[in-house]
Peer 1: 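Here it is, the structure in full.
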Amino acid sequence: MMRTHLCGELSQSDIGEKVTVAGWVNRRREHGEHLAFVDLRDHSGILQCVVDNQVDVRSEYVVKITGQVTQRPEGTINDSLATGQIEITDATVEILSIAEPPPFPLDDRADDVDEMVRLRYRYLDLRRSRMQRNLRVRSTINASIRNSMVSQGFVEVDTPLLMPTTPEGAREFIVPSRQRPGSFYALPQSPQLYKQLLMVGGVDRYFQIARCLRDEDLRADRQYEFMQLDMEMSFVEVDDVLAAVEASVLDAAEAVTGVRPDPIERITWLDAMNRFGSDKPDLRFGMELAELTDVFSTTEFKAFSTAGSIKGIKADQAAGDWGRNKLDGLTDTAKSFGAKGMVWLKVVDVDGGLGFDSPVAKFLSEVETAALIERFGATAGDLLLLIADEWHTTCEVLGELRNRLGRPPVSEGPYKYLWVVDFPLFVGADEATGTPKPGHHPFCHPHPEDLDHLESDPMNVRAWAYDLVLNGWELGSGSIRIHDPKLQQRVFSLLGIDEAEAQKRFGFFLNPFAYGAPPHGGFAYGLERLGAILAGEDNIREVIAFPKPQSGLDPMTNAPTEVEPSQLEELGIRVLPPPAD
RNA sequence: GGUCCCGUAGUGCAGUCUGGAGUGCACGCCGCCCUGUCAAGGCGGAGGUCGCGAGUUCAAAUCUCGUCGGGACCGCCA
């Protein structure tokens with residue numbers, strides 16, 4: 001070994017030892033001809049070495065230093081450094097690599113550097129303690145999840161990256177076949193189909209730390225490629241799946257933070273929408289939606305009299321923070337989410353009681369005003385926001401407004417995990433055909449209590465489908481799957497898919513179910529999202545070694561690149577000229 | 001496909017509204033000095049296509065239009 005110790009693991013108990021450490025020169029401080037301090041950095045920390053200033057070492061030089069661990073002289077102890085009690089003296093320095101000055105400081109100041117610069121030089125960015133910590137958070141999560149799943153009797157199985165294209169769901173990355181020019185593989189959006197076939201194959205409990213790829217626009221919480229803990233179990237009900245997933249998530253969280261979270265609360269999708277206006281509510285703050293439809297049952301106010309659902313939220317003592325311009329902006333926000341408008345009311349003192357400062361105050365009766373104040377428990381200085389629309393829009397818009405007004409950054413504590421259960425089987429309808437669209441995916445098992453009205457009232461059929469939410473981010477989702485071909489065909493029929501089309505689109509997946517499929521269900525959750533939140537980051541790029549910016553163009557490798565004409569020739573591919581505008 | 005914000009030295013910024021010579025700050029870098037510093041200190045120095053291209057103007061970092069790049073979000077992500 002080239003070294004005897006890591007920089008960060010040395011302490012006062014090593015005083016007197018002769019050691020060899022190696023790493024990068026974090027900083028050098030010169031003090032005349034024969035004295036300089038070199039702060040040596042490796043992934044474990046920083047260690048001060050006292051060296052002869054005749055040695056020419058500069059920032060980011062890679063050096064090996066041999067010397068004696070020594071107690072620092074009185075008055076020179078650095079409390080802000082973990083190794084601040086000690087230093088290496090009688091040091092001999094061997095330069096292993098020289099280095100150009102880095103394009104940006106490799107300390108906390110780089111947090112403010114343009115992210116493109118960091119990504120272009122990601123290999124330098126990764127030397128920083130923040131990135132080292134974040135990669136190790138990811139590693140800890142993977143290790144504890146793997147351990148948790150194995151200890152629960154799950155079997156780790158790899159599934160193919162090259163698979164057939166499937167028409168449903170996210171846009172796929174496709175890979176041309178050389179041996180069959182004109183045909184293509186698709187990279188998996190998830191191992192969904194394979195893991196269900198593993199259940200048919202008797203694996204019983206499967207898991208995989210799986211790479212998934214989706215060719216959809218990038219976001220703070222979305223990359224083209226991401227990792228998920230993917231799992232599937234046979235002979236189980238909803239509670240069994242949730243318990244297995246919960247154990248792995250809590251194990252991972254405990255391993256990273258040192259604190260085991262409380263058992264995860266559950267809420268139904270319907271309650272989540274009614275109370276928080278979201279299917280991924282952030283429970284770190286209140287500001288729940290208040291039901292107001294009944295308050296306005298006989299109202300003269302036109303905008304309210306025709307609405308199917310009226311709800312509102314209250315921002316405590318926020319009236320002063322929201323002037324006309326900002327409220328107009330908030331109204332535009334509400335409209336951009338589909339609302340026809342937004343009513344704001346500032347609660348003010350009027351003689352003998354409370355009233356409203358609002359453009360619509362004059363349209364509200366005394367009874368309605370009093371009922372609103374009472375329903376919200378409002379006091380002077382509060383700001384009320386009301387939305388009147390069809391139920392789903394009312395909820396969703398208020399959920400968005402609630403987040404705008406009250407939501408802390410996702411990375412801020414405390415951690416609030418939440419199961420959202422009983423999702424609807426169908427959400428909305430296809431505009432062209434009028435048939436319902438699957439809420440989760442077409443293989444999701446309807447709730448047995450709702451099977452009697454599957455055909456007569458499909459939009460009110462619940463699914464055995466569930467999501468895991470952390471601080472308002474969807475970590476993952478899952479469901480109990482349909483294992484009975486007859487039930488599967490009922491669902492397909494509702495989706496407007498006849499047997500011939502089902503065979504064509506999903507045949508390779510459905511036919512195996514004729515050979516004896518066990519009841520089964522599963523789940524998958526995103527490891528970058530969990531990692532980011534546990535690492536205190538609000539962007540998953542910060543916990544990915546080599547992420548891509550929103551354009552998907554890699555500033556470090558310049559991918560994607562053009563390929564040689566001969567490569568295209570071999571694949572039977574001709575590229576169209578760029579479209580003329 | 002859309003909305004909003006950003007782009008000035010290697011890095012972070014000020015200057016832009018109200019046009020007047022690349023005017024400036026901090027860090028970093030290079031050289032010299034310095035034997036107890038620790039995001040050391042002192043002195044000196046180098047470093048600029050104000051993202052790019054048009055337009056307006058006697059004059060553009062500054063105003064206008066376009067374009068490129070980046071970010072947040074909507075659509076999209078079964």
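Numbered from 1 within each chain, the chains take letters A, B, ... in sequence-line order. Any value given below was found using the heavy atoms of this structure, including those in side chains, with hydrogens, waters and symmetry copies removed. Just so it is clear, the model here is predicted, and its values are computed rather than measured.
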Peer 1: Does B/U57 pair with anything, Watson-Crick or G-U wobble, both distances under 3.5 Å, and if so, with which nucleotide?
Peer 2: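 Check on B/U57: unpaired, no WC or wobble geometry under 3.5 Å.
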Peer 1: Between C1' on B/G71 and CD on A/Gln223, what's the gap in Å once rounded to a whole number?
Peer 2: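 In whole Å, B/G71 C1' and A/Gln223 CD are 13 Å from each other.
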Peer 1: Check every strand shown and say whether A/Gln192 touches a base, only sugar-phosphate, or nothing at a heavy-atom separation below 4.0 Å.
Peer 2: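 Answer is base: heavy atoms of A/Gln192 come under 4.0 Å of a base.
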Peer 1: Can you check each nucleotide of nucleotides 3-15 of chain B against protein heavy atoms at under 4.0 Å and return B for base, S for sugar-phosphate only, - for none, in 5' to 3' order?
Peer 2: -------SSS---
Peer 1: For A/Ala110, report the nucleic acid contact type (base, sugar-phosphate, nothing); a contact means any heavy atom under 4.0 Å.
Peer 2: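 Touches nothing.
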Peer 1: State the pairing partner of B/G7; accept Watson-Crick or G-U wobble contacts with both distances under 3.5 Å, and report none otherwise.
Peer 2: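 Paired with B/G7, as far as the under-3.5 Å criterion goes, is B/C68.
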Peer 1: Looking at the base of B/U37, is there any donor atom on it, or on the side chain of A/Gln48, that sits under 3.5 Å from an acceptor on the other one?
Peer 2: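 In this structure, the two groups form a donor-acceptor pair.
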Peer 1: How many Å lie between CG on A/Asn53 and P on B/U37, as a whole number?
Peer 2: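 After rounding, the reported distance stands at 16 Å.
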Peer 1: Please give the nucleotide sitting opposite B/A14 as a Watson-Crick or G-U wobble pair, both distances under 3.5 Å, or none.
Peer 2: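 For B/A14, the partner nucleotide comes out as B/U23, under the 3.5 Å rule.
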Peer 1: Between A/Glu30 and A/Arg541, which residue's closest nucleotide on RNA chain B lies nearer the 5′ terminus?
Peer 2: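 Result of the comparison: A/Glu30.
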Peer 1: Using atom C1' of each nucleotide, how far apart are B/C13 and B/G55 to the nearest Å?
Peer 2: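 30 Å, rounded to whole Å.
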Peer 1: Both distances below 3.5 Å, Watson-Crick or wobble geometry, any strand: find the nucleotide opposite B/C29.
Peer 2: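 B/G45 is the nucleotide pairing with B/C29.
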Peer 1: Given the P atoms of B/A9 and B/A61, what is the spacing between them in whole Å?
Peer 2: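 Those two atoms are separated by 14 Å.
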Peer 1: Output the single nucleotide from B/U35, B/C76, B/C38 whose closest atom is nearest the side chain of A/Arg222.
Peer 2: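 Within the option list, the nearest is B/C76.
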Peer 1: Hey, are A/Arg58 and A/Asp56 close enough for a salt bridge, meaning a charged N less than 4.0 Å from a carboxylate O?
Peer 2: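 Judged by the 4.0 Å cut-off on N to carboxylate O distance, A/Arg58 and A/Asp56 do form a salt bridge.
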Peer 1: Whether the A/Asp554 and A/Thr557 side chains hold a donor-acceptor pair (N or O, under 3.5 Å, no angle test) is what I'd like checked.
Peer 2: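 There is such a pair between these side chains.
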Peer 1: Which part of the nucleic acid, if any, lies within reach of A/Glu87 when heavy atoms closer than 4.0 Å are counted: base, sugar-phosphate only, or nothing?
Peer 2: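 Counting heavy atoms under 4.0 Å across all strands, the contact made by A/Glu87 includes a base.
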Peer 1: Between A/Arg72 and A/Thr70, do the side chains contain an N or O donor and an N or O acceptor separated by less than 3.5 Å?
Peer 2: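 No - no donor-acceptor pair under 3.5 Å links their side chains.
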Peer 1: Is the phosphate of B/G71, meaning OP1 or OP2, less than 4.0 Å from a side-chain N or O of A/Asn539?
Peer 2: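 No, A/Asn539 has no side-chain N/O under 4.0 Å of OP1/OP2 on B/G71.
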Peer 1: Would you mind pulling out the nucleotide paired to B/A40, Watson-Crick or G-U wobble, both distances under 3.5 Å?
Peer 2: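 B/A40 is unpaired by these criteria.
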Peer 1: Could you give the distance separating B/U64 and B/C6 at their P atoms, to the nearest angstrom?
Peer 2: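 To the nearest whole Å, 13 Å.
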Peer 1: What's the gap between B/G36 and B/G42 when it is taken at their P atoms, as a whole Å value?
Peer 2: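 It comes out at 16 Å once rounded to the nearest Å.
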Peer 1: Suppose you measure atom C1' in B/G19 against the same atom in B/G10; what distance do you get, rounded to whole Å?
Peer 2: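 The same atom, C1', in both gives a distance of 30 Å.
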Peer 1: If you count every heavy atom of other residues, nucleotides or ligands that lies below 6.0 Å from A/Tyr121 atom OH, does the total exceed 12?
Peer 2: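 No, not enclosed.
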Peer 1: If the threshold is 4.0 Å, N to carboxylate O, is there a salt bridge linking A/Arg127 and A/Glu60?
Peer 2: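 Looking at A/Glu60 together with A/Arg127, the answer is yes, because their closest N to O distance falls below 4.0 Å.
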Peer 1: Given the P atoms of B/G47 and B/U23, what is the spacing between them in whole Å?
Peer 2: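 Straight-line distance between the two P atoms is 14 Å.
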Peer 1: Look only at the side chain of A/Arg462 and the backbone of A/His447, and say whether a donor-acceptor pair between them is shorter than 3.5 Å.
Peer 2: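 A pair under 3.5 Å: no.
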Peer 1: What interatomic distance, in whole Å, is found between P of B/C50 and the corresponding atom of B/G24?
Peer 2: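 Roughly 16 Å separates the two P atoms.
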Peer 1: Any residue in residues 54-64 of chain A with a heavy atom nearer than 4.0 angstrom to RNA chain B? Just list them by number, or reply none.
Peer 2: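 Residues of residues 54-64 of chain A that come under 4.0 Å of RNA chain B are, in numerical order, A/Arg58, A/Ser59.
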Peer 1: Answer with yes or no whether the side chains of A/Asp217 and A/Gln550 bring together a donor and an acceptor at under 3.5 Å.
Peer 2: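 A/Gln550 vs A/Asp217: no donor-acceptor pair found between side chains.
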Peer 1: Respond yes when some side-chain nitrogen or oxygen of A/Gln550 is under 4.0 Å from OP1 or OP2 of B/A72, and no when none is.
Peer 2: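 For B/A72, OP1/OP2 do have a side-chain N/O of A/Gln550 under 4.0 Å.
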Peer 1: Counting only Watson-Crick pairs (N1-N3 plus N6-O4 or O6-N4) and G-U wobbles (N1-O2, O6-N3), all under 3.5 Å, who is the partner of B/C77?
Peer 2: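 No nucleotide pairs with B/C77.
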Peer 1: Considering only atom C1', compute the distance from B/U16 to B/U8 and round it to an integer number of Å.
Peer 2: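 Roughly 10 Å separates the two C1' atoms.
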Peer 1: Return the 5'-most residue of the pair A/His441, A/Glu400 with respect to RNA chain B, ranking by each residue's nearest nucleotide.
Peer 2: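 Looking at the nearest nucleotide for each, A/Glu400 comes out on the 5' side.
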Peer 1: Write down the partner of B/U35 under the Watson-Crick or G-U wobble criteria, each distance required to be under 3.5 Å.
Peer 2: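 When the pairing criteria are applied, nothing turns out to pair with B/U35, so the answer is none.
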Peer 1: Taking only the side-chain heavy atoms of A/Arg219 (C-beta and beyond), determine which of B/G36, B/C77, B/C74 contains the nearest atom.
Peer 2: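 It is B/C74.
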Peer 1: Look at the side-chain N and O atoms of A/Ser551 and state whether any lies under 4.0 Å from the OP1 or OP2 oxygen of B/G70.
Peer 2: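 Checking B/G70 against A/Ser551, a side-chain N or O does come within under 4.0 Å of OP1 or OP2.
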Peer 1: Taking the side chain of A/Ser80 as its heavy atoms from C-beta onward, which of B/A39, B/C38, B/C77 lies nearest to it?
Peer 2: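 Closest of the options to the side chain of A/Ser80: B/A39.
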Peer 1: Indicate yes or no: at least one non-hydrogen side-chain atom of A/Leu106 is less than 4.5 angstrom from one of A/Pro102.
Peer 2: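 Yes; the side chains approach each other to less than 4.5 Å.
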Peer 1: Under 4.0 Å, heavy atoms only, any strand: does A/Arg72 hit a base, just the sugar-phosphate, or nothing?
Peer 2: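 Touches a base.
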Peer 1: Ignoring backbone atoms, test whether A/Arg29 places a side-chain nitrogen or oxygen under 4.0 Å from the OP1 or OP2 oxygen of B/U37.
Peer 2: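 For B/U37, neither OP1 nor OP2 has a side-chain N or O of A/Arg29 closer than 4.0 Å.
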Peer 1: Could you go through A/Lys340 and A/Asp389, starting from their C-alpha distance and side-chain angles, then the distance that decides it, and tell me whether this counts as salt bridge (Lys or Arg N to Asp or Glu O under 4.0 Å)?
Peer 2: CA-CA 7 Å; A/Lys340 291 189 262 307; A/Asp389 217 298; 3.1 Å; yes
Peer 1: Which part of the nucleic acid, if any, lies within reach of A/Gly439 when heavy atoms closer than 4.0 Å are counted: base, sugar-phosphate only, or nothing?
Peer 2: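 Sugar-phosphate, no base atom in range.
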Peer 1: Will you find, in the side chains of A/Gln132 and A/Ser129, an N or O donor that is under 3.5 Å from an N or O acceptor?
Peer 2: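 Looking only at side-chain atoms, A/Ser129 and A/Gln132 do not form any donor-acceptor pair under 3.5 Å.
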Peer 1: So which of A/Glu216, A/Arg171, A/Glu172 actually passes side chain to side chain donor-acceptor pair (under 3.5 Å) with A/Gln189?
Peer 2: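 Testing A/Gln189 for a side chain to side chain donor-acceptor pair (under 3.5 Å) against A/Glu216, A/Arg171, A/Glu172 leaves exactly one candidate, A/Glu172.
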Peer 1: Go through the steps to decide whether A/Arg118 and A/Glu542 satisfy the test salt bridge (Lys or Arg N to Asp or Glu O under 4.0 Å), and finish with yes or no.
Peer 2: CA-CA 11 Å; A/Arg118 291 174 55 207; A/Glu542 299 295 353; 2.8 Å; yes
Peer 1: Just the rounded figure in Å: distance from P of B/C38 to CD1 of A/Ile46.
Peer 2: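 After rounding, the reported distance stands at 15 Å.
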Peer 1: Select one nucleotide: of B/G70, B/G36, B/C77, the one nearest the side-chain heavy atoms of A/Phe37.
Peer 2: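 Between B/G70, B/G36, B/C77, the one nearest the side chain of A/Phe37 would be B/G36.
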